[in-house]
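Read the structure below first, then the notes.
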Amino acid sequence: MRGKAHLLDYLFPRRCAVCDGITDSPGEPVCRGCRGKIGYIKEPCCMKCGKQLKKEEKEYCGDCTQKEHFYQQGTALYDYGSMADSIFRFKYGGRMEYALFYGKELYERKGSWLHAIRPDALVPVPIHPARKRKRGYNQAELIARELSRHTGIPVNTSLVHRDKNTMPLKNLSYAERQNNLKRAFKMGQNDVKLSTIVIIDDIYTTGSTVDSMAQALREAGIPQIYFMALAIGRGI
């Protein structure tokens with residue numbers, strides 16, 4: 001079996017999930033040199049959203065001291081700046097295989113956080129059907145399914161639907177994001193009576209998307225809502 005795996009790596013060499021070049025270590029998802037380029041979120045980090053804190057900040061980031069959130073707590077794996085190109089290729093360039101690497105990384109570095117929460121389900125942020133048809137997949141769902149494979153926590157994709165085909169958020173102000181996301185999410189059936197869920201997304205910046213989705217979930221009667229993001233940005 002191992003010989004077959006090595007043969008497949010030789011015939012179809014893996015591309016590094018950071019630089020997208022052929023990996024210099026057969027069978028490995030990332031080049032040896034690229035490992036050191038990944039910026040992981042580490043303590044101290046915001047007790048609410050998980051964003052990396054500056055030295056002068058104490059418990060909460062600037063964003064979370066200015067506004068209320070609809071979720072209990074969140075966490076993120078990467079500093080967005082270090083993985084922006086990787087996530088862009090994953091999201092828009094068809095590099096779905098990166099999800100294997102992301103899911104394993106989340107499990108290895110955030111598994112204890114998930115274990116402490118004991119969620120009933122992982123709920124990926126949905127994308128509008130028109131956008132999913134164009135892209136071919138929902139990147140948040142791919143991450144959630146890989147994380148589920150490692151943890152055994154089920155993925156629920158029927159609980160929330162994207163009812164509004166919103167504009168891309170990256171070039172919008174905070175106020176524009178809030179307006180853009182009004183009534184964007186529609187609840188499905190909570191047939192299994194979920195009480196604790198973790199929203200899964202690729203990028204957390206201001207929290208507008210997660211908050212809009214968490215608000216819909218809370219209004220539907222789900223009391224414990226957390227989120228986990230692959231990467232987190234600088235915020236407002």
(request) Identify the two heavy atoms, one from Phe70 and one from Asp211, that lie closest to each other, and give their separation to 0.1 Å. (result) N-OD1, 2.8 Å

(request) State, yes or no, whether a side-chain contact exists between Leu147 and Ile153 at a heavy-atom distance under 4.5 Å. (result) no

(message) As a quick check of understanding, evaluate side-chain contact (heavy atoms from CB on, under 4.5 Å) for Val160 and Lys186, giving each step before the final call.
(response) CA-CA 6 Å; Val160 187; Lys186 181 180 180 181; over 6 Å; no

(request) Not counting sequence neighbours, which residues clear ring pair (Phe, Tyr, Trp, His ring centres under 6.0 Å) with His115? List them please. (result) none

(message) Holding to side-chain contact (heavy atoms from CB on, under 4.5 Å), I want the full list of residues that pass it with Thr196, two or more places apart in sequence or in another chain.
(response) Ile117, Pro119, Asp120, Gln224, Tyr226

(request) Treating Ile, Leu, Val, Met, Phe, Trp and Tyr as nodes and any side-chain heavy-atom pair under 4.5 angstrom as an edge, say whether Leu142 and Leu114 lie in one connected cluster. (result) yes

(message) With heavy-atom distances below 4.5 Å as the criterion, would you say the side chains of Ile87 and Ile203 are in contact?
(response) yes

(request) Give, for atom CE of Met83 and atom CG of Leu230, the distance between the pair rounded to the nearest 0.5 Å. (result) 6.5 Å

(message) Quick check: is Val123 connected to Tyr137 through a chain of hydrophobic side chains (ILVMFWY, heavy atoms under 4.5 Å apart)?
(response) no

(message) For Gly62, is there any backbone N or O sitting under 3.5 Å from a side-chain donor or acceptor partner on Thr65?
(response) yes

(request) Considering non-hydrogen atoms only, spot the tightest contact between Ile222 and Ser195 and give its length. (result) CG2-O, 3.8 Å

(request) Keeping the roles fixed (side chain from Glu59, backbone from Cys46), state whether a donor-acceptor pair exists under 3.5 Å. (result) no

(message) Show the nearest heavy-atom pair for residues Lys91 and Arg135, with the distance to one decimal.
(response) O-CD, 3.1 Å

(message) Using side-chain contact (heavy atoms from CB on, under 4.5 Å), reason through Asp201 and Thr209 one step at a time and then give a plain yes or no.
(response) CA-CA 9 Å; Asp201 204 3; Thr209 299; 4.2 Å; yes

(request) List for me each residue that meets ring pair (Phe, Tyr, Trp, His ring centres under 6.0 Å) alongside Tyr107, sequence neighbours excluded, and say none if there are none. (result) His150

(message) With a 4.5 Å cut-off on side-chain heavy atoms, are Cys49 and Ile232 touching?
(response) yes

(request) Taking atom types as modelled, find out whether Tyr80 and Asp202 have a side-chain donor-acceptor pair closer than 3.5 angstrom. (result) no

(request) Kindly give the heavy-atom pair with the smallest separation between Asn138 and Lys132, and that separation in Å. (result) N-CE, 4.2 Å

(message) Using every non-hydrogen atom in the two residues, find where Pro126 and Met213 come nearest and quote the distance to one decimal.
(response) CD-SD, 3.8 Å

(request) Could you tell me which non-hydrogen atom of Ala229 sits nearest to which non-hydrogen atom of Tyr204, and how far apart they are? (result) CB-CB, 3.9 Å

(request) Report the residues that fulfil side-chain contact (heavy atoms from CB on, under 4.5 Å) with Lys37, sequence neighbours left out, ordered by chain and then residue number. (result) Cys34

(request) State yes or no: do Met96 and Val30 share one hydrophobic cluster built from I, L, V, M, F, W and Y residues joined by side-chain heavy-atom distances below 4.5 Å, directly or via other members? (result) yes

(message) According to ring pair (Phe, Tyr, Trp, His ring centres under 6.0 Å), who are the partners of Tyr102, at least two apart in sequence or on a separate chain?
(response) Phe90

(request) Could you tell me whether Arg109 sits above the aromatic face of Tyr40, with NZ or CZ closer than 6.0 angstrom to the six-membered ring centre and within 45 degrees of the axis? (result) yes

(request) Drop me the distance from Lys67's NZ to Thr206's OG1, to the nearest 0.5 angstrom. (result) 5.5 Å

(message) Please give the remaining members of the hydrophobic cluster of Met47, linking ILVMFWY side chains under 4.5 Å, ordered by chain and number.
(response) Tyr60

(message) Holding to salt bridge (charged side-chain N to carboxylate O under 4.0 Å, His left out), I want the full list of residues that pass it with Asp79, two or more places apart in sequence or in another chain.
(response) none

(message) Let me confirm one number: the CG-CZ distance from Asp20 to Arg14, rounded to the nearest 0.5 Å.
(response) 14.5 Å

(request) First locate atom CD of Gln66, then atom SG of Cys61, and finally report the distance between them rounded to the nearest 0.5 Å. (result) 8.5 Å

(request) Indicate yes or no for a side-chain donor-acceptor contact from Ser86 to the backbone of Ala17 under 3.5 Å, with no hydrogens or angles considered. (result) yes

(request) Using modelled atom types only, decide if a donor and an acceptor are shared between the side chain of Gln72 and the backbone of Ile225 within a distance under 3.5 Å. (result) yes

(message) How long is the straight-line distance from CD1 of Ile143 back to CG of Leu106, given to the nearest 0.5 Å?
(response) 7.0 Å

(request) Check side-chain contact (heavy atoms from CB on, under 4.5 Å) between Thr157 and all other residues, then give those that pass, not counting sequence neighbours. (result) Pro124, Glu141, Arg145, Val155

(request) Check side-chain contact (heavy atoms from CB on, under 4.5 Å) between Pro154 and all other residues, then give those that pass, not counting sequence neighbours. (result) none

(request) Could you tell me which residues satisfy salt bridge (charged side-chain N to carboxylate O under 4.0 Å, His left out) with Arg35, sequence neighbours excluded, listed by chain and number? (result) Glu105

(message) Do Met228 and Ile41 land in one hydrophobic cluster if side-chain heavy atoms of ILVMFWY residues count as linked below 4.5 Å?
(response) no

(request) Could you pull out all residues at least two apart from Lys110 that satisfy salt bridge (charged side-chain N to carboxylate O under 4.0 Å, His left out)? (result) none

(message) Please determine whether residues Ile200 and Ile127 belong to a single hydrophobic cluster, defined as Ile, Leu, Val, Met, Phe, Trp and Tyr linked transitively by side-chain heavy-atom distances below 4.5 Å.
(response) no

(message) Side chains of Phe185 and Leu159, heavy atoms from C-beta outward: is any pair under 4.5 Å?
(response) no

(message) Which label fits Tyr71 and Phe227: parallel for a plane angle under 30°, tilted from 30 to 60°, or perpendicular past 60°?
(response) perpendicular

(request) Find the distance between CG (Leu122) and CD (Glu146) and round it off to the nearest 0.5 Å. (result) 12.0 Å

(request) Can you sort out the partners of Asp24 under salt bridge (charged side-chain N to carboxylate O under 4.0 Å, His left out), two or more places apart, ordered by chain and number? (result) Arg32

